[in-house]
Amino acid sequence: MKDVVVFIEHHAATPRRVSLELAGKAKEIATRLGGETHAVIAGADSRALAEVVQAYPIDVIHVADDPDADVFAIDPQVDYLTSVATRNEPALILVGNTMLGRDVGSRCAARIGAGYIADVIEIAVTDGRVACVAPRLGGTAMVTCAFPAGVPGVVAVRPNVFTAERQAGAGQIAQLEKPAGRSYAIRIDEDVQQAAGALAVEEASVVVSGGRGLGGPEPFTTILADLADALGGAVGASRAAVDAGWIAHAHQVGQTGKAISPQLYIAVGISGAIQHRVGMRTAGTIVAINKDSGAPIGEFADLLVVGDLFAIVPQLTEQVRRAKAVPA
Amino acid sequence: MKIVVTVKLVPDTNADKRIDPATKRLVRTGVDTVLNPFDEYALEAALQIRDALADGSTVTVFSMAPESGKEVVRKALAMGADDAAMLSDTALEGSDSAATAFAMSRALQSIGFDLILMGTQSTDAITGAVPGMLAEYLGVPGVTYARKLECDGSSISAERETETGYQRVHASLPALVSVTKSINQPRYPSLKGIMGAKKKEIRMLTAAGAEQSKTEVVGMQAPPARAKGRVVTVADGAEGARVIVDFLRERKLV
Ligand SMILES: Cc1cc2nc3c(=O)[nH]c(=O)nc-3n(C[C@H](O)[C@H](O)[C@H](O)COP(=O)(O)OP(=O)(O)OC[C@H]3O[C@@H](n4cnc5c(N)ncnc54)[C@H](O)[C@@H]3O)c2cc1C
Ligand SMILES: Nc1ncnc2c1ncn2[C@@H]1O[C@H](COP(=O)(O)O)[C@@H](O)[C@H]1O
C-alpha cells in the first residue's frame with residue numbers, strides 16, 4: 001500500500017487538465033510513501049494519450065485501447081481502474097471531482113472496499129498516513145478526513161487546486177487486457193458534443209459568470225463570452241440564469257451546480273446568494289460587477305465595481321486585450 | 001413495475017449550519033429538515049413514468065434517516081408516491097457514503113425494485129457518490145446525470161449530461177438512474193395529496209447488516225474568512241473597466 005493511481009480522463013484525444021494536475025500530486029504522495037505512480041487510460045485513443053501523459057511524473061501508464069470504453073458508459077472505465085487497483089494495491093487512487101471522475105471513483109471505491117472522499121482541495125501525508133481536506137456544509141467548514149489503517153482511499157480532487165507540471169517519470173507503458181467475456185450494460189447510442197473545445201468551468205483558471213442581471217441569453221454568447229475569451233477563461237452562470245434557460249446547467253456555479261476554485265472569478269449581474277457563494281468562495285480573487293452597491297456579493301468580493309454591466313463589460317474586454325498586448 | 005425513489009433528508013439550505021465539535025457531526029436540532037431538492041426531481045420523474053405506463057406500476061419512496069424525519073417523507077407521499085419505507089437505525093448514524101450506500105442496498109433488496117430513481121447529489125454532502133456506489137452494491141446498471149428519461153416497463157433510455165454535451169444511452173431493467181434538475185419541474189403537493197398522504201403507509205426498517213465507514217473525520221476548521229473588499233462606484237463603463245484592470249494588474253492577474 002504505497003503506490004498512487006491516477007485515473008486519466010480524456011476528451012477529443014486530449015487528457016483533461018485535471019488528470020494532469022493529479023499526476024504531480026500523485027508523485028509527491030508516492031514519494032512520501034516510498035511507492036510508484038500509475039496512470040490508467042481507457043479508450044480507443046489511449047495509446048496516443050499515453051504519449052502525452054509521459055511528459056508528467058508517472059512511472060507506469062496502463063493503457064486499454066478498448067473501443068468498448070467509448071461505446072459503453074462508465075462501467076469499462078471502472079473495470080480498468082479497478083483492475084489496476086487490485087493488482088497494485090495502492091494506498092491512494094486519485095480521480096478528478098468531475099462528472100465522470102465522481103462516477104468512476106465512487107464505483108471503484110465500492111468495488112474494492114476503499115474509502116471515498118469527494119471534492120478534496122488538499123492532500124497531505126503525515127506519519128505515513130494520508131489526510132485530505134475538503135470543504136463541507138456549503139463551504140462553512142473545512143473538514144480533514146483520513147482512511148482507517150489498511151484501507152485504501154479514492155480521492156476526488158477539485159480541478160484547478162493543484163498545478164500540472166511537466167516533469168517526465170519512467171513512463172513505462174503497460175497493456176491492460178479486456179476482461180474475458182465481459183459485457184457492459186449502458187450502451188451509448190449517441191455522444192453529442194455541444195461545447196466542443198470550450199473549457200469547462202471547473203477547469204478554467206478564470207471564470208466569468210453571468211446572472212439574472214444579464215437579462216437574457218444573448219449577452220452570455222456575446223459580451224460575457226468575449227470577456228472570458230480575452231482572459232482565457234470559461235463562462236459560468238448563476239442558477240437564476242440557468243433556470244431561465246439562458247445557458248446550460250453545466251455552467252452553473254453553486255450548491256446545485258459546480259463548486260469551483262479558479263484563480264479569478266468575475267461575477268457579472270449576480271447578487272451573491274448563499275447558494276451561489278458556496279460554489280465559488282474558494283476562488284483566488286473575486287471581482288463583482290453590480291449596479292447595486294448593497295448586493296450581498298460585496299460582503300465577500302475582493303472588488304465590487306458598482307455600475308452598469310452592459311457599459312463596463314465590453315470596455316473591460318477591450319482594456320484586457322490591450323493590457324495583454326502591452327504588458328505593464 | 002415497481003419504482004423506488006430514494007430521498008435524503010437534508011438541512012434547509014437557507015439555514016445556518018453548524019458542526020458539533022465533539023461528535024464532528026452536523027447539528028440538526030433547530031434546523032429545518034427538507035427533502036434534498038434534487039430528489040424532488042427524481043420523484044417527479046417517477047410519478048410521470050408511473051402515470052404514463054398506467055399499468056398498475058407503483059412508486060415507493062425510500063429514505064435512510066432517523067424516525068424523526070417521518071413528516072418530511074410524508075411530503076413525498078403528498079406529491080403522489082404510493083407508499084414509503086424508511087431505514088432508521090442508530091447503528092447507521094454517522095455513516096459515510098459507502099456505508100450509506102451499502103445499508104441502502106440491503107434495504108432496497110428487501111423492498112424489491114425494477115427501477116430506482118435518485119438525485120444527482122445531496123445539498124448537504126455534495127458528494128454525489130451514493131448513486132454509483134449503490135449501483136455497484138446492487139449489481140445493476142447505474143445511469144447518472146439523466147436529464148431525460150423514458151421507460152417502457154422493461155428498459156430505459158435516457159439523455160445523460162456530460163461535461164461537453166450529452167449522451168443518449170439505453171439499458172435494460174432492473175436499473176438505477178440519477179437525475180439532474182433539468183429533467184422536469186417537480187409538482188407541488190395538492191390539498192388532496194396532502195390529505196391522502198396521512199393515510200399512506202410508511203414502513204419502518206432496521207439495518208440488515210452494516211458496513212463500517214471507510215473514512216474518518218480527523219479535524220475540522222473554519223475556512224479562511226473572506227474579508228469584505230473594496231467597493232468602487234463608477235461613473236461610466238470606461239472607468240469601471242479601468243478600476244478592474246488596475247486591480248487585476250495589482251494582483252498580477254493580467
Ligand atoms: C436549494 C437551492 C439551491 C440553489 N442552488 C444554486 C446554485 O447552485 N447556484 C446559484 O447561483 N444559485 C442557486 N440557488 C439560487 C440562489 O438562491 C439565488 O436565487 C440565485 O443565485 C440568484 O441568481 P442571480 O444572482 O443571477 O440573480 P439575482 O439575485 O436576481 O441578482 C441579479 C443581480 O444582478 C444585478 N444587476 C441587474 N442588472 C444589472 C446591470 N445592468 N448591471 C449590473 N448589475 C445588474 C442586480 O443588482 C442583482 O444583484 C439555489 C437556491 C436554492 C433554494
Ligand atoms: N440517506 C439517504 N437516504 C436516501 N437516499 C439517499 C441518502 N443519501 C443519499 N441518497 C440518494 O443519493 C443521492 C446522492 O446523494 P449524495 O451521494 O449524498 O450526494 C441523493 O440525491 C439521494 O437520492
Side-chain angles (χ1 to χ4, degrees), chain A residues 11 73 98-99 102-103 106-107 109-111 115-119 131 137 139-148 151 185-195 200 249-250 255-256 264 275 281 285 287 293 298-307 311-312 315-316 319-320 323-324 328, chain B residues 13 17 19 26 37 97-98 101 123-124 126-129 132-133 136-137 141-145 160-171 180-182 214-223 226 228-234 236-238 240-245 247 249 251 253-254:
Chain A
H11 175 65
T98 58
M99 295 172 88
R102 297 203 301 194
D103 275 348
S106 61
R107 297 192 63 141
R111 200 176 291 179
Y116 178 81
I117 304 178
D119 201 17
L137 304 173
T140 50
M142 291 301 198
V143 176
T144 306
C145 288
F147 304 101
V151 175
I186 308 168
R187 172 120 205 158
I188 303 172
D189 301 313
E190 195 185 357
D191 204 341
V192 181
Q193 304 297 327
Q194 288 175 316
H249 179 235
Q255 186 176 41
T256 45
L264 171 62
Q275 297 91 351
R281 62 173 292 157
T285 295
V287 173
S293 64
E299 294 305 313
F300 58 97
D302 300 292
L303 171 67
L304 166 62
V305 170
V306 182
I312 297 171
Q315 296 270 351
L316 179 56
Q319 292 197 24
V320 166
K324 284 200 161 173
Chain B
T13 53
K17 293 174 206 112
I19 297 179
L26 184 63
S97 325
T123 52
D124 59 342
I126 325 197
T127 57
M133 290 180 168
E136 197 64 39
Y137 288 130
V143 175
T144 43
Y145 309 112
R160 307 180 61 225
E161 284 179 22
T162 63
E163 235 99 39
T164 50
Y166 65 91
Q167 294 173 338
R168 282 199 309 107
V169 301
H170 71 264
T180 71
K181 62 190 189 62
S182 317
K214 295 205 171 68
T215 52
E216 49 199 43
V217 175
V218 294
M220 186 118 32
Q221 270 183 309
R226 271 211 104 96
K228 186 177 165 75
R230 273 182 241 171
V231 178
V232 184
T233 302
V234 297
D236 57 27
R242 199 160 52 244
V243 169
I244 296 172
V245 168
F247 178 78
R249 276 225 167 95
R251 295 215 168 186
L253 288 165
V254 281

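Convention: sequence-line order gives letters A, B, ...; per-chain numbering from 1.
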Q | Option that, when pairs with chain A are counted at under 4.5 Å, heavy atom only, ranks first among B:V143, B:V231, B:D236 | A | B:V231
Q. What part of B:Y166 gets closer than 4.5 Å to chain A, counting heavy atoms only: side chain, backbone, both or neither?
A. both
Q: Examine whether an atom of A:V192 lies under 4.5 Å from a heavy atom of chain B, and if so say whether it belongs to the side chain, the backbone or both; otherwise answer neither.
A: both
Q) So, for B:M133 and A:S106, which heavy atoms are closest and what is the spacing to 0.1 Å? A) CG-O, 3.4 Å
Q) Among B:A238, B:A101, B:A222, which has the most heavy-atom pairs under 4.5 Å with chain A? A) B:A238
Q | Proximity breakdown for B:T215 and chain A, heavy-atom pairs closer than 4.5 Å | A | both
Q. Between A:D189 and B:V169, which heavy-atom pair has the shortest distance, and what is it?
A. OD2-C, 3.8 Å
Q: Would you check if the side chain of B:R226 reaches a backbone N or O of A:R281 as a donor-acceptor pair within less than 3.5 Å?
A: yes
Q. For the atom pair OG1 (B:T180) and CE (A:M99), what is the distance rounded to the nearest 0.5 Å?
A. 7.5 Å
Q. Based on non-hydrogen pairs under 4.5 Å, which of B:K181, B:K228, B:Q167, B:E136 is most in contact with chain A?
A. B:E136
Q: Quick one: pull up OG1 in A:T144 and CE in B:M220 and give me the separation to the nearest 0.5 Å.
A: 8.5 Å
Q) What's the spacing between B:E216 CD and A:I117 CD1 if we round to 0.5 Å? A) 9.5 Å
(Q) Quick check for you: to the nearest 0.5 Å, what is the distance between A:H11 atom NE2 and B:T162 atom OG1? (A) 8.0 Å
Q: Mind listing the closest non-hydrogen atom pair of A:A146 and B:V218 along with its distance?
A: CB-CG1, 4.1 Å
Q) Distance from B:T233 atom OG1 to A:L304 atom CG, nearest 0.5 Å? A) 7.5 Å
Q) For the residue pair B:Y145 and A:T98, what are the closest heavy atoms and their distance? A) OH-O, 4.3 Å
Q | From CD (B:E163) to CD (A:Q193), nearest 0.5 Å | A | 11.0 Å
Q. How close do B:G240 and A:I312 get, heavy atom to heavy atom, and via which atoms?
A. C-CG2, 4.0 Å
Q | Contact check, side chains of A:D302 and B:R251, non-hydrogen atoms, under 4.5 Å | A | yes
Q.
For a quick test of reading the model, state the closest non-hydrogen atom pair linking A:R107 to B:G132 and the distance between them.
A. CG-O, 3.5 Å
Q | Top contributor to chain A interface from B:R230, B:H170, B:E161, B:R160 [non-hydrogen pairs under 4.5 Å] | A | B:H170
(Q) Could you check whether any side-chain heavy atom of A:V287 comes within less than 4.5 Å of a side-chain heavy atom of B:L253, counting everything from C-beta outward? (A) no
Q: Would you mind telling me which of A:A250, A:A301, A:G307 has the largest number of heavy-atom pairs within less than 4.5 Å of chain B?
A: A:A301
(Q) Could you check whether atom CD of B:Q221 has more than 12 heavy atoms from other residues, nucleotides or ligands sitting under 6.0 Å from it? (A) no
Q.
Is there a side-chain contact between A:V305 and B:F247 in this structure, where contact means two heavy atoms from C-beta onward sitting under 4.5 Å apart?
A. no
